[in-house]
Amino acid sequence: MRIILLGAPGAGKGTQAQFLMSKYGIPQISTGDMLRAAIKEGSELGLAAKKIMDAGQLVSDDLIIGLVKERVAKADCANGFLLDGFPRTIPQADAMKDAGISVDHVIEFDVPDDIIVERMSGRRVHPASGRVYHLVYNPPKVAGKDDETGEELVIRADDVEETVRKRLAIYHEQTELLVGYYRQAAEQGQTQYHHLDGTQAVDAVSAQLVKLLG
């Protein structure tokens with residue numbers, strides 16, 4: 001059950017990742033968490049990454065792949081793992097294949113940009129508690145106020161429409177190419193590719209995933 005989740009920011013990958021982790025008992029591997037853990041452990045790769053990050057530079061694909069390889073060899077990945085947010089580019093996907101990290105399922109969450117913008121720019125947050133509202137799907141009882149405290153709700157910087165559109169542009173430019181890459185891999189029998197309509201209700205998407213993954 002080695003799974004890659006593909007889809008634009010705001011397509012619902014995070015929500016379904018939580019569902020899949022609890023349903024199948026597999027860990028989610030995020031490159032950010034992995035880097036932090038390796039640095040904390042003081043492993044050879046962790047120390048190399050720390051040096052690069054301290055210099056304000058980006059960690060190379062090779063180093064990240066090394067970390068992924070180390071991570072998937074750990075005991076909690078015996079039944080599989082979930083990669084969300086990696087690979088982001090075709091060179092990273094190639095490097096993963098070269099490192100012998102195979103994947104059973106690639107799941108694409110497809111949601112049109114305008115719906116993602118509506119989803120994300122409609123979010124309002126109560127900073128003190130972390131409660132999240134949505135102007136359309138889950139509005140507060142009083143506009144702009146937290147239900148429990150009556151305090152002002154805010155828009156997170158990541159949810160401002162301009163920021164969302166910028167992140168979507170980067171996704172289309174870099175990561176969307178992986179859709180074609182993994183579809184081709186599936187045609188060659190190297191993995192299974194699943195395309196899901198991410199505009200459906202959360203429960204409907206979860207139910208479809210269970211049907212696909214068995």
Side-chain angles (χ1 to χ4, degrees), residues 3-24 26-37 53 56 58-59 81-89 106-179 194-210 212-213:
I3 301 169
I4 287 177
L5 301 183
L6 286 182
K13 299 190 303 295
T15 306
Q16 297 302 336
Q18 295 301 320
F19 167 74
L20 292 171
M21 283 159 70
S22 58
K23 169 89 181 150
Y24 297 105
I26 55 176
Q28 180 179 5
I29 298 177
S30 113
T31 48
D33 291 348
M34 220 167 41
L35 273 170
R36 283 186 287 276
M53 286 159 75
L58 282 177
V59 178
F81 53 81
L82 194 60
L83 279 168
D84 170 14
F86 188 86
R88 283 179 193 271
T89 62
V106 178
I107 302 163
E108 177 199 351
F109 296 88
D110 188 13
V111 180
D113 284 5
D114 287 344
I115 291 178
I116 287 179
V117 170
E118 183 199 342
R119 273 183 186 178
M120 293 176 82
S121 59
R123 282 201 291 219
R124 297 293 181 272
V125 182
H126 177 238
S129 67
R131 276 187 287 277
V132 179
Y133 298 87
H134 194 283
L135 300 183
V136 180
Y137 309 114
N138 175 32
K141 291 176 185 142
V142 178
K145 307 281 184 194
D146 177 51
D147 285 354
E148 291 184 29
T149 63
E151 291 167 357
E152 290 288 327
L153 299 175
V154 301
I155 303 177
R156 281 189 300 221
D158 264 4
D159 294 338
V160 175
E161 178 168 348
E162 194 185 340
T163 311
V164 174
R165 290 209 182 266
K166 271 186 193 154
R167 288 170 67 199
L168 286 170
I170 292 168
Y171 170 76
H172 293 309
E173 195 182 309
Q174 293 182 352
T175 312
E176 205 171 34
L177 298 171
L178 290 171
V179 168
H194 313 286
H195 173 271
L196 292 185
D197 174 4
T199 63
Q200 304 171 92
V202 170
D203 292 350
V205 176
S206 298
Q208 245 180 311
L209 285 171
V210 173
L212 290 171
L213 300 171

query = Can you tell me how far the CG atom of L196 sits from the CG atom of L212, to the nearest 0.5 Å?
reply = 6.0 Å

task = For the residue pair R124 and V154, establish whether any side-chain heavy-atom pair is separated by less than 4.5 Å.
result = no

Expected output: side-chain T199 to main-chain V111 donor-acceptor under 3.5 Å = no

message = Run R165 and D114 through salt bridge (charged side-chain N to carboxylate O under 4.0 Å, His left out) and show every step you take.
response = CA-CA 9 Å; R165 290 209 182 266; D114 287 344; 3.5 Å; yes

message = Under a 3.5 Å distance rule, please check whether Y133 uses its side chain to pair with a backbone N or O of D147 as donor and acceptor.
response = yes

task = Please report the closest heavy-atom contact between P87 and I4, naming both atoms and the distance.
result = CD-CD1, 3.7 Å

query = Could you walk me through whether L213 and L20 pass the side-chain contact (heavy atoms from CB on, under 4.5 Å) check?
reply = CA-CA 10 Å; L213 300 171; L20 292 171; 3.6 Å; yes

ask   = Counting only N and O atoms by type, is there a donor-acceptor contact under 3.5 Å from the side chain of Q16 to the main-chain atoms of V202?
value = yes

query = In Å and rounded to the nearest 0.5 Å, what is the CG to CG distance from D84 to L6?
reply = 9.5 Å

query = Are any non-hydrogen side-chain atoms of R156 and M120 less than 4.5 angstrom apart?
reply = no

query = Quick one: does N138's side chain have a donor or acceptor within less than 3.5 Å of a partner on V132's backbone?
reply = yes

key: Separation of D158 CG from K166 NZ (nearest 0.5 Å)   = 12.0 Å

note = d(I3 CD1, L83 CG) to nearest 0.5 Å is 10.0 Å

message = Donor-acceptor check, side chain of H134 to backbone of E118, threshold 3.5 angstrom: yes or no?
response = yes

query = So how far is it from I116 CD1 to R119 CZ, rounded to the nearest 0.5 Å?
reply = 7.0 Å

query = Nearest 0.5 Å, what's the NE2-CG distance between H194 and L5?
reply = 11.0 Å

key: Beyond-backbone contact of H172 with D113, side-chain heavy atoms, under 4.5 angstrom   = yes

note = All heavy atoms of G144 vs all of P140, minimum pair found to be N-CG, 4.0 Å

inquiry  = If you apply the rule salt bridge (charged side-chain N to carboxylate O under 4.0 Å, His left out), what do you find for E151 with K145, and how did you get there?
reply    = CA-CA 5 Å; E151 291 167 357; K145 307 281 184 194; over 6 Å; no

request  = State whether the number of non-hydrogen atoms from other residues, nucleotides or ligands found under 6.0 Å of R131 atom CZ is greater than 12.
outcome  = yes

Which atom of Y24 lies closest to which atom of L209, heavy atoms considered = OH-O, 4.3 Å

task = Locate the shortest heavy-atom distance separating D159 from R123; write the atom from each residue and the value.
result = OD1-NH2, 3.1 Å

Heavy-atom check, side chain of L168 versus side chain of P9, under 4.5 Å = yes

task = Indicate yes or no: at least one non-hydrogen side-chain atom of V210 is less than 4.5 angstrom from one of F19.
result = yes

Closest non-hydrogen atom pair between V59 and M53, with its separation = CG2-CG, 3.7 Å

key: Note, E148 side chain near H126 side chain (heavy atom, < 4.5 Å)   = no

